[in-house]
Every structure is written in structure tokens, then in C-alpha cells.
Undergrad: 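Structure below; questions to follow.
Proteins get letters first, then strands, A, B, ... in listed order; numbering begins at 1 in each. All heavy atoms count here, side chains included; hydrogens, waters and symmetry mates do not.
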Number of protein chains: 2
Amino acid sequence: MSVLKDKILLVATDLFHTRGINSTGVDTIVAVAGTTKMTLYKYFNTKEQLIIEVLKKSQQDFQSWLDEKLNSNTKKPADKIQYLFDYIEEWVNSSAFIGVGFIKASAEFPNEENAIHKLSSLQSREFRQFISKLAMEANIKDADGLALQLSLLFEGAAQAEQMKRGSGAIKYAKKAAKILIDGAIKQS
Amino acid sequence: MSVLKDKILLVATDLFHTRGINSTGVDTIVAVAGTTKMTLYKYFNTKEQLIIEVLKKSQQDFQSWLDEKLNSNTKKPADKIQYLFDYIEEWVNSSAFIGVGFIKASAEFPNEENAIHKLSSLQSREFRQFISKLAMEANIKDADGLALQLSLLFEGAAQAEQMKRGSGAIKYAKKAAKILIDGAIKQS
DNA sequence: AATATTTTATACCGATAGGTATATACAAAA
DNA sequence: TTTTGTATATACCTATCGGTATAAAATATT
């Protein structure tokens, strides 16, 4: 990938999170990235396409980071779900955390027919399925149900952190997750 | 309140939720409301002021509805928290539900210094305190902690419903809430 | 009925939105 | 060294943004 395309993606990601997507013009992006609109539109057909690529990259980066964290922990796969919120907490509390892309995007593009909204919805669903897989490996009976509940805690905590940075919401989300996981295990 | 001001507020509320706040221009609002910009700017100094009044009214309406529901149920105040998510479910599943204003607004105005963001943050905090009061009346020890957890479920479910209408997330949020409430009561 | 006052409608303001036509700078290939 | 193709920069397009000056219409007062 071109170094400039990468720079544009990086800058756009930051600006979208700190100023909002619709409030960030392409002129601002290229100015901060130190390039021009012609260059931007060479790599991205439209602003919508840029938004979509930003969202995809953000989610991929997070998933990769999370996968590695979970795998570096050499425990049995069945135990991964127990550590999920520890890593989520680490991620949320890291200085690099600037929010969850698909949460913000779905708010700015509420129309369910919109391509960006559809992608956000898909990413949310995929993350839930990822949790569900962890739950299944932990032999939890209602894996999908637990995954949905944990994803609500995750999205709620991300939301809370967006409203007030350093809210500490994730700490309580983690506690709630433990209660729900333990309860689900008992019934399995 | 003037009938036209009321109409503008109503139309703006709907458009903000269905199209997004930043994506809805004042021209569109007055066109749908059947009036003109001069009239709008007579009642609201700026678009920001209109947004703020829309947010305040939305939250007041929801709180009033919820209060009445909780009070019409003639149970002891200590039991109200047990029914909280039943009413939230009713509200979310009603056809009138179009989302939670402060959640969307905080996503569109991420800057913590922004007046709209500050209001969103305040409303989220106030709702959490409302839940905390219910928890205290139910003699729950860590009322604030439980309230925070329940608010995460609430905001997560609202988020999920925003991503995919009719997701059924609220049903599982309700189940999770029951587990957390029962657990908190046991420790009190 | 004539005047005074408020409300509404039209037309416009500069700034910025996303996007592009054209020209120039710069490589690599010949 | 000249040619050829690609990447970059400048300038500009139309549409729309939030907001307003001004004039017409409607209402109230005398």
C-alpha cells in the first residue's frame, strides 16, 4: 500500500473519531495528511469509500490485536472468554483508544439502507459471533444469548467511554460480564 | 408554546433520528415543517440551540413516560427496579421508538468541550442516577455500581436496536439485568 | 378606516461541502 | 537524452451549509 494512502487512512481515522465523520471534510483530511484532494481521490473513489475503508481497517486492527492477546495467553481455548473483558479493558484504557468505529458510524448514518450503516451493522454482528464462538468453546449452552449480552456490555461501555473519557465504566462492565459468564456456565 | 415552534421541534426530532443531526439542514427542517427559516430562527437562535432543545424534550418525554409507568404500578418503591427493563422493553419495541437522543448526539459531537456533547453526557449521567435511586430504594448496597451496569445494558441495547431494528437485543438485556439485580440484592 | 406592530416570505450572504479538469513535476524506459 | 506514463498540485465546479437583510402580509390598536 502506498505510504500516502496509508497516511490518509490514518489521519481520516483520527479526525473521524475526534471531530465526527460528517463534520470532517476531505479538505481537512488532505491538509492534515499533507497532501491534496487529487491524491485522495486517486486512492478512494468517494468519501464514502474512504469511510468504509477506515471502518474496515479499524475493526481489523482491533480484532488482530485481540486475537493475538487471547492466543498469547496459552490457556485452553475454552477459557478465552474468561479473559475477554480483561483485554477489552486494556484496549479501552490504552491511550490509543479513540472509540469504536461502527458504533459512531451507525449513529451518523442511521438509514438502514445506507452502505456505511450496513457495514457497521455487519461489524457489530461479526464481533458478536466472535464472542459466541468463544462461548461455544467454553461449552456454554446458550452461547449466542451470552454473546449478545456481553456485546451489549461492550457497546454500552464503549458508549460510556465516548461520553466521558476515563469514566471507568469498563471496570463495571467487566464485573457484570463475569457474573453473566459464570451464570451461563452453571447452566451448561 | 407556539404551535409552529412545537411543530419544528417535532419535525427536527424525527429528522435528526432518521437522517442524523449533521446530515439534516435547517432548510430541510422548515420545508418538512411547512414554515420558513425566519420563523425557525425566531424561536431558536441557532441550529445548535434547536438541537439542544430537541435533546432536552426527548429525554423529558421519555422520563415522564417511564415515571408514570413505574408509578402506575402500585408496588412498593423498593420493587420498581425489578420492572425497569420491562418498561424499557415496551418503550424500545413501540413503533414510536426512534432511538436514544443522547447516544446519537454524543457520537456526532465527540468533542467533550462541545455544548451538545456536554448535554448528552449530562443526560446519560442523570439517567444513571435515576436508576441508582431505584436501586437504593430496593436496599441494594452498591447501588451506583448496579446502576452503571444496568445503564450499560440499556445503552448497549439501544445501540443494537439502532444498528438493526427489531434485533431483539432488549430481550436479552432484560434477562441480563435480572441476573445482575438478583445478584446485587443477594449481597445486600 | 388608518396606523402601528408583529409575523411571515423571498432573496441573498459568505463559507464550505464533495468532486473534477487541467497543467505541471517526476520517474522509468528507450 | 528524449519519450512515455504516472503522481502531484492548482484552480475551479455546483450544491448546500447556517444565518440574515429586507419586504410583504397579517394582526392588533386607536
Undergrad: Thinking salt bridges, do A:Glu108 and A:Lys104 make one under a 4.0 Å N-O criterion?
TA: no
Undergrad: Which part of the nucleic acid does A:Thr24 contact within heavy-atom distance under 4.0 Å: base, sugar-phosphate only, or nothing?
TA: sugar-phosphate
Undergrad: Rounded to the Å, how far apart are B:Ile8 CD1 and C:dT7 C1'?
TA: 13 Å
Undergrad: Over how many whole Å does the gap from A:Ile21 atom CD1 to C:dG18 atom C1' extend?
TA: 16 Å
Undergrad: What about B:Phe127 and B:Phe102, are their ring centers closer than 6.0 Å?
TA: no
Undergrad: Within the structure, does a side-chain N or O atom of B:Lys37 lie under 4.0 Å from either OP1 or OP2 of D:dG19?
TA: no
Undergrad: Rounded to whole Å, how long is the line connecting atom CD1 of A:Ile29 with atom C1' of C:dA17?
TA: 12 Å
Undergrad: How close or far is atom C1' of D:dA7 from atom OH of A:Tyr41, stated in whole angstroms?
TA: 18 Å
Undergrad: Any side-chain N or O of B:Lys42 under 4.0 Å from OP1/OP2 of C:dT7?
TA: yes
Undergrad: Can you work out whether A:Thr28 or B:Thr39 has the more 5'-proximal nearest nucleotide on DNA chain C?
TA: B:Thr39
Undergrad: Measure from NZ or CZ of A:Lys5 to the centre of the six-membered ring of A:Phe44 and say whether it is under 6.0 Å with the direction within 45° of the ring axis.
TA: yes
Undergrad: Return the 5'-most residue of the pair A:Asp27, B:Val26 with respect to DNA chain D, ranking by each residue's nearest nucleotide.
TA: A:Asp27
Undergrad: Is the charged tip of B:Lys37 near the ring of B:Tyr41: under 6.0 Å from the six-membered ring centre and within 45° of its axis?
TA: no
Undergrad: Return the nearest nucleotide to the side chain of B:Lys47; candidates are D:dA9, D:dG18, C:dG18.
TA: D:dG18
Undergrad: Between A:Asn22 (CG) and D:dG18 (C1'), how many Å, whole number?
TA: 16 Å
Undergrad: Write down the distance between CG (B:Asn45) and C1' (D:dT20), rounded to a whole number of angstrom.
TA: 13 Å
Undergrad: Expressed in angstrom and rounded to an integer, what is the separation of A:Leu4 atom CG from D:dT6 atom C1'?
TA: 14 Å
Undergrad: Any idea which of C:dT20, D:dG18, C:dT8 is nearest the B:Met38 side chain?
TA: C:dT8
Undergrad: Side chain of A:Thr28, backbone of A:Thr24: donor and acceptor closer than 3.5 Å?
TA: no
Undergrad: What is the distance, to the nearest angstrom, from the OH atom on B:Tyr43 to the P atom on D:dG19?
TA: 18 Å
